[in-house]
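In what follows, a structure is listed as structure tokens, so that the remarks can point back to it.
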Amino acid sequence: MKWRSEVKKSSDGYYQVSPDGGTFVFQCKNYSLFWPIEVKESEEGGIEKSFRSEYNNSQITSIKSDWLTAKCEGSKLTVTIQPTTSKCCRLFKLSVEAGDVFDDFCFKQSY
């Protein structure tokens, strides 16, 4: 999957998120339809939690974890990350799918 976005990954491969949280928009350039399948999140040194989309007969368009919400609308993906007051770094991995094609978005939120 190929993406267009105003935000760029840092040299460690993560999208950096401020302690205030934020909203990130990604436009898929080569697929007009995709859906979120899983979010994995953890605080540095903590236990990783996994959140999966609930599959039903209708199209999956969003996923929510404790600190992240992702919504797909056509070829647009909007990711919103909640503010943090924790002194620990939060790590997020959002996985999306378009049939037999998969991609991941990794975010790091530091305080």
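Bear in mind that the values here come from a model prediction, so they are computed numbers and not experimental data.
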Can you check side-chain contact (heavy atoms from CB on, under 4.5 Å) on Phe102 and Ser95, steps first, answer last?
CA-CA 7 Å; Phe102 301 87; Ser95 299; over 6 Å; no

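- Under the 4.5 Å side-chain heavy-atom criterion for Ile, Leu, Val, Met, Phe, Trp and Tyr, Trp67 and Val7 are members of the same hydrophobic cluster.
- Remark: Phe92 engages no residue in a ring pair (Phe, Tyr, Trp, His ring centres under 6.0 Å) (not counting sequence neighbours).
- Put simply, the side chain of Ser5 gets close to the backbone of Val25: a donor and an acceptor are under 3.5 Å apart.
- Every residue meeting the salt bridge (charged side-chain N to carboxylate O under 4.0 Å, His left out) condition with Asp66, not counting sequence neighbours, appears here in chain and number order: Lys49.
- Here Glu44 pairs with nothing under the side-chain hydrogen bond (donor to acceptor under 3.5 Å, both in side chains) rule; sequence neighbours left out.
- By the 6.0 Å contact criterion, CD on Glu6 is open, its count of non-hydrogen atoms from other residues, nucleotides or ligands being 12 or less.
- Interatomic distance, CE of Met1 versus CZ of Phe105, reported as 7.0 Å (0.5 Å rounding).
- The aromatic rings of Phe107 and Phe24 are tilted relative to each other, their planes meeting at an angle between 30° and 60°.
- When ring centroids are compared, Tyr31 and Trp3 stay outside the 6.0 Å threshold.
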Donor-acceptor pairs under 3.5 Å, side chain of residues 71-85 to any protein atom, not counting sequence neighbours: which ones?
unit_1, atom_1, unit_2, atom_2, d
Ser75, OG, Gln27, NE2, 2.4
Thr80, OG1, Thr23, OG1, 3.3
Thr84, OG1, Ser86, N, 3.1

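- Using a 4.5 Å heavy-atom threshold, the side chains of Ile63 and Trp35 count as separate.
- Rounding to the nearest 0.5 Å gives a distance of 11.5 Å between NZ of Lys93 and OG of Ser42.
- A heavy-atom distance below 4.5 Å is not found between the side chains of Leu91 and Glu41.
- Each of Ile37 and Leu33 belongs to its own hydrophobic cluster when Ile, Leu, Val, Met, Phe, Trp and Tyr are linked at side-chain heavy-atom distances under 4.5 angstrom.
- Counting heavy atoms from C-beta on, the side chains of Glu38 and Phe51 never come closer than 4.5 Å.
- A distance-only check finds no donor-acceptor pair linking the side chain of Asp103 to the backbone of Val96 [under 3.5 Å].
- Partners of Tyr14 by ring pair (Phe, Tyr, Trp, His ring centres under 6.0 Å), not counting sequence neighbours: none found.
- Smallest separation of non-hydrogen atoms from Ser110 and Cys89: OG-SG, 3.9 Å.
- Every residue meeting the side-chain hydrogen bond (donor to acceptor under 3.5 Å, both in side chains) condition with Lys108, not counting sequence neighbours, appears here in chain and number order: Asp12.
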